[in-house]
Amino acid sequence: MDDVLPAGCALIELRSRGDARGQLIALEGDREVPFAIARVYYIYGTAPGTVRGHHAHRALNQLAICVAGSCTMLLDDGHARARITLDSPARALSIGSMVWREMHDFTPGAVLMVLADRAYDESDYIRDYDRFRALVGAPEVPAGIRGPHVHP
Ligand code: T46
């Protein structure tokens, strides 16, 4: 089950327009980004050892790009699970709805930029892993085993 990209997720290589001055990547909704962009946020200043996420979204679709440094995302749709390291501004990860995610191993100075197809809505979050698995029809996690959590 590990290292199979969950349904609704994909890695996208972005076109970098480079010249002697450096690189530039442009993102437009419904082109490089597979939806109309409603929101952009970025995560930075992450303390060493931090793990973020631990939730799924009912409806939200997102595109994540580590524009500086690197971090790793654990993705789990209840049936397939993968860990994807984002280590290039030209590598984007699209994450569909109903996918559990955890972000970890942020390098110092890492900046994770996320584009989303909806405004922020706390009611779209599923923060309980067992509830998430029930909603996606995944088998129950055997007693004593704690989900996919990255935390030690
Ligand atoms: C996701 C992963 C990849 C807002 O006020 N507006 C926003 O648009 C967002 C994303 C967050 N917030 C607030 C909510 C919390 O008080 O910012 C605080 C930190 O958010 P959160 O703990 O949800 O951050 P992460 O890193 O666990 O998750 C975030 C996104 O929330 C989530 O949608 O997929 O990044």
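The first residue in the sequence is number 1, and the count goes up from there. Order of appearance sets the numbers: ligands from 1, and atoms from 1 within every ligand.
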What is the closest protein heavy atom to atom 11 (C) of ligand 1, and at what distance does it sit?
-> Tyr120 CE1, 3.7 Å

Ignoring hydrogens and geometry, is there a side-chain-to-backbone donor-acceptor pair from His79 to Val136 under 3.5 Å?
-> yes

Return the residue, atom name and 0.1 Å-rounded distance of the protein heavy atom closest to atom 33 (O) of ligand 1.
-> His57 NE2, 2.6 Å

Shared ILVMFWY cluster between Leu27 and Ile12, side chains joined below 4.5 angstrom?
-> yes

Part of His55 with heavy atoms under 4.0 Å of ligand 1, whether side chain, backbone, both or neither = side chain

What protein heavy atom sits nearest atom 24 (O) of ligand 1, and how far off is it?
-> Arg52 NH2, 3.3 Å

Looking at ligand 1, does Gly53 have a heavy atom less than 4.0 Å from it?
-> yes

Element-labelled atoms of ligand 1 that are located less than 4.0 Å from some non-hydrogen atom of Arg39 | 7 (C), 8 (O), 9 (C), 10 (C)

Report the distance from atom CG of Leu115 to atom CZ of Phe35, rounding to the nearest 0.5 Å.
-> 6.0 Å

The closest protein heavy-atom partner of atom 29 (C) of ligand 1 is Tyr41 OH, 3.8 Å

Could a heavy atom of Glu122 be found less than 4.0 Å from some atom of ligand 1?
-> no

Check whether any side-chain heavy atom of Arg127 sits under 4.5 Å from a side-chain heavy atom of Glu122, and report yes or no.
-> yes

State the CH2-CE distance between Trp100 and Met73, to the nearest 0.5 angstrom.
-> 14.0 Å

Heavy-atom distance from atom 9 (C) of ligand 1 to the protein below 4.0 Å?
-> yes

Do you know which of Val67, Leu112, Val111 makes side-chain contact (heavy atoms from CB on, under 4.5 Å) with Tyr44?
-> Val111

All heavy atoms of Glu32 vs all of Glu28, minimum pair found to be OE1-N, 2.9 Å

What atoms in ligand 1 come closer than 4.0 Å to a heavy atom of Ile43?
-> 26 (O), 35 (O)

Contact bool for atom 17 (O) of ligand 1 (protein heavy atom, d < 4.0 Å) = no

When every non-hydrogen atom of Ala80 is compared with those of Val4, the smallest separation belongs to CB-O, 3.4 Å

Side-chain heavy atoms under 4.5 angstrom apart, residues restricted to Ile, Leu, Val, Met, Phe, Trp, Tyr: same cluster for Leu75 and Phe106?
-> yes

To the nearest 0.1 Å, how far is atom 31 (O) of ligand 1 from its closest protein heavy atom, and which atom is that?
-> Tyr125 OH, 2.5 Å

Part of Leu112 with heavy atoms under 4.0 Å of ligand 1, whether side chain, backbone, both or neither | neither

Atom 3 (C) of ligand 1: the protein heavy-atom neighbour that sits closest, reported with distance to 0.1 Å = Met103 CE, 3.5 Å

Give me the ring orientation class for Tyr120 and Tyr125: parallel if the planes are under 30° apart, tilted from 30 to 60°, perpendicular past 60°.
-> perpendicular

Would you mind listing which atoms of ligand 1 come within a distance below 4.0 Å of any non-hydrogen atom of Arg101?
-> 1 (C), 34 (O)

